Amino acid sequence: MAGNARKESLFRIPNYPAWFGVDTFLLCGSAVHWIVISLMAYELSGSVTLAGWFSTFRGITSVVTQVVGGTFVDRHDHRTLLLAQSGICGLLWLAMGVLFATGRLTFALFMVLCLSSSAIFGLLDGTSNAALITVVGPDRYAQAESLNQGRDAAVRLAGSPLGAFLYGLWSASPFFASALCDGAAFLCALTLKLPERPEVKEARAGIVAFMHDLIEGWQWVFASKVIVSGVLIMGIFQFGVFAMHQAVNLQLVSTGTDALLISMVNMASGLATVVGALISSRICDRVPMGKGVIVILVLISLGYLPLVFFDTYAAVVLSIVFTGLPMPLFGALVNGFIFSKTPVDRQGRTRAAVMTAVMFFGSGSGALAGELLPRVGFHGVVLVMMGLMIVAVFLAVLNPRIRTIPASPEWDLVEL
């Protein structure tokens, strides 16, 4: 019976369709306005410098609030937080659209509204993922993670062009579209029924109690040698991947490649991720996590090998597509293991710690790629980043805690 249940569609699980609706509409709302925000910042300020600092401040706001956001998520009812996230963000984007349409949106007001949205994003963004474990259970989490990654890639693939198209029709329309998506997420959250969490009722009030829970959560994460090892390996590897993609974009721009062709590279990467997610959802339960991750790291590292010798557009597309295919399985195995083994009352803090660490590793990748490119050339940057990826491979191979993790049906036999 367990085998049959495992093959049953996730959408037949009670509350999963409602959860999927909330998560998808929230993502759609972000994807539609993502590319438009920088354009609007420049349009309102008239300064490239101010627009650049605006993006930096948004990123800093999200990271800072994310550090405490995990604790906030763990201490409150997930359904209530999802209603708050979708409702508040929907109102913010609606206000932005109305203000712009009436000619009252200044750059300062735009910045306040966007930073407020970024703060809500950092504070509550982990809520949906924290709620997922209570909806699908640990046994189906890896499969759900695979589906999420394919869905994410598809939404982002369509969201940016759609946002740009709407912006071209009328500058305010992407914000109204985001408000509409968040409103749909709010309606889905109203239908979501999650089990009661006793620890929420027992959560102590006050800043001292909050800080105690914050510190306790991070201590729990750092006490897990598997999580620490996994984050270190994942951080080093993704730093190389992020820097590689930045170097590819910079190389294409510097050689005068048409903007449409550059966007097609990103589209090819997104399509590869969608296909990879479909494959991952079918095999993720059968692949041993430890050995599977090592094989994937090797395949991705070798996938960039053509760029050591060629910098043609065809070589770039080939490498980007090849390396994008196994990424969803990598995420499903790593995230599936970590978060399916994490207690519900620590989901928010664990996700905040993991994502903050990975973002820390990746934050300087673009700057490093930009600094190295004129000094060692494109092929030199590729060699350096492949070297980092190989270091991550060796760290995984030499770590028995990572190497010996079995497939998901046996995860309950392994300690986190």
Side-chain angles (χ1 to χ4, degrees), residues 9-11 20 23-36 142-167 174 177 181 237-238 240-253 257-284 287 292-293 295-307 310-336 362 365-366 382 385 389:
S9 170
L10 289 168
F11 288 93
F20 190 82
D23 200 54
T24 301
F25 281 120
L26 285 174
L27 181 64
C28 288
S30 298
V32 169
H33 69 248
W34 179 77
I35 197 172
V36 174
Q143 185 183 5
E145 186 70 25
S146 295
L147 181 60
N148 289 349
Q149 293 197 38
R151 184 273 318 271
D152 293 355
V155 169
R156 293 191 179 102
L157 199 63
S160 292
L162 177 59
F165 173 75
L166 292 174
Y167 187 76
C181 289
F237 191 83
Q238 290 196 339
V241 172
F242 292 159
M244 191 78 77
H245 282 239
Q246 291 286 346
V248 164
N249 285 331
L250 290 172
Q251 174 68 10
L252 292 175
V253 169
T257 305
D258 186 79
L260 179 60
L261 290 177
I262 296 176
S263 68
M264 293 296 289
V265 174
N266 296 326
M267 184 173 292
S269 175
L271 289 173
T273 303
V274 172
V275 173
L278 293 174
I279 298 172
S280 174
S281 65
R282 294 180 178 275
I283 67 173
C284 62
V287 177
V293 164
V295 171
I296 291 170
L297 294 181
V298 172
L299 287 175
I300 294 176
S301 301
L302 293 178
Y304 291 111
L305 190 59
L307 301 184
F310 308 100
D311 58 3
T312 63
Y313 184 79
V316 166
V317 173
L318 180 65
S319 287
I320 292 298
V321 169
F322 182 84
T323 55
L325 285 171
M327 283 302 290
L329 182 58
F330 176 78
L333 294 176
V334 175
N335 293 334
S365 59
V382 173
M385 297 312 156
M389 295 179 199

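Side chains included, hydrogens not; waters and symmetry mates left out as well; all remaining heavy atoms used. Worth saying up front: this structure is predicted, and the values here are computed from it rather than measured.
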Taking every non-hydrogen atom, the tightest pair across I296 and F330: CD1-N, 3.7 Å
Pairwise distance CD1(I320) to CG(L271) - rounded to 0.5 angstrom: 13.0 Å
Geometric class of the Y304/H245 ring pair [parallel <30°, tilted 30-60°, perpendicular >60°]: perpendicular
Non-hydrogen side-chain atoms of R151 and D23 separated by less than 4.5 Å: yes
Heavy-atom pair with the smallest gap, counting every atom of M389 and S301: CB-OG, 3.3 Å
Nearest heavy-atom neighbours spanning G270 and A153: O-CB, 3.9 Å
Any side-chain heavy-atom pair of I283 and L329 under 4.5 Å: yes
Considering all heavy atoms, the nearest A268-V317 contact: CB-CG1, 4.4 Å
A142 backbone acceptor or donor facing S146 side chain under 3.5 Å: yes
Exercise: identify the closest heavy-atom pair between F310 and A315: CB-CB, 3.9 Å
Side chain to side chain contact (heavy atoms under 4.5 Å, CB included) assessment of D311 paired with V316: CA-CA 7 Å; D311 58 3; V316 166; 6.0 Å; no
Side chain to side chain, V241 and T323, heavy atoms closer than 4.5 Å: no
Minimum heavy-atom distance I300-P326, with the two atoms named: CG1-CG, 3.7 Å
Atom pair CG/CD of N148 and Q143 - distance to nearest 0.5 Å: 11.0 Å
Distance (rounded to the nearest 0.5 Å) between L325 CG and T273 OG1: 8.0 Å
Expected output: side-chain T24 to main-chain F20 donor-acceptor under 3.5 Å: yes
